[in-house]
Amino acid sequence: MTAVKALRYPADWIRARTEGKKISVLTAYDATMARLLSRSRVDALLVGDSLGMVVQGKRSTLQVTLSEMMYHTRMVHNLRESDRSEEHT
């Protein structure tokens with residue numbers, strides 16, 4: 001698998017697709033998983049509504065609210081940003 005250069009912006013994703021590059025995307029719902037995955041060579045982290053079943057123990061994803069999605073997304077984003085700042089110090 002060929003590593004894809006940082007996919008930070010939509011144009012990067014479009015370029016990777018048009019060039020036929022393979023990308024890796026894994027799911028993280030919290031800071032612990034985000035920290036582990038951010039140290040790997042994964043191209044992107046996904047925060048999906050499956051957190052309702054995986055983390056919250058709900059029977060479906062339909063009960064996951066937008067505020068819950070925003071909360072989990074902030075946890076993953078904040079950790080990724082703090083890890084990036086540590087790399088540059």
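Keep in mind the model is a prediction, meaning the values are calculated, not measured.
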Open item on the list: Could you tell me if the side chain of Met33 sits less than 4.5 Å from the side chain of Thr27, heavy atoms only?
Closed with: no
Task: From Val76, Leu26, Val25, residue fulfilling side-chain contact (heavy atoms from CB on, under 4.5 Å) relative to Leu46 - done: Val25
Task: side chain to side chain contact (heavy atoms under 4.5 Å, CB included) assessment of Ile23 paired with Arg17 - done: CA-CA 9 Å; Ile23 60 169; Arg17 174 145 170 88; over 6 Å; no
Task: Minimum heavy-atom distance Ser40-Leu37, with the two atoms named - done: OG-O, 2.5 Å
- [ ] Mark yes or no for whether Asn78, through its side chain, and Met75, through its backbone, hold a donor-acceptor pair below 3.5 Å.
- [x] no
TODO: Find out if a path of hydrophobic residues (ILVMFWY) with successive side-chain heavy-atom gaps under 4.5 Å connects Leu45 to Met70.
DONE: no
Open item on the list: According to salt bridge (Lys or Arg N to Asp or Glu O under 4.0 Å), does anything in residues 44-57 pair up with another residue at least two apart or in another chain? List the pairs.
Closed with: none
Open item on the list: Applying side-chain contact (heavy atoms from CB on, under 4.5 Å), can you list everything that pairs with Thr18, at least two apart in sequence or on another chain?
Closed with: Ile14
Task: Qualifying residues under side-chain contact (heavy atoms from CB on, under 4.5 Å), relative to Ser67, sequence neighbours excluded - done: Thr65
Task: Partner residues of Ser50 under the side-chain hydrogen bond (donor to acceptor under 3.5 Å, both in side chains) criterion, sequence neighbours left out - done: Tyr29
Open item on the list: Under 4.5 Å side-chain heavy-atom separation, chaining through any Ile, Leu, Val, Met, Phe, Trp or Tyr, what else clusters with Met53? Say none if it is isolated.
Closed with: none
Task: Partners passing side-chain hydrogen bond (donor to acceptor under 3.5 Å, both in side chains) against Gln56 (at least two apart in sequence or in another chain) - done: Lys58
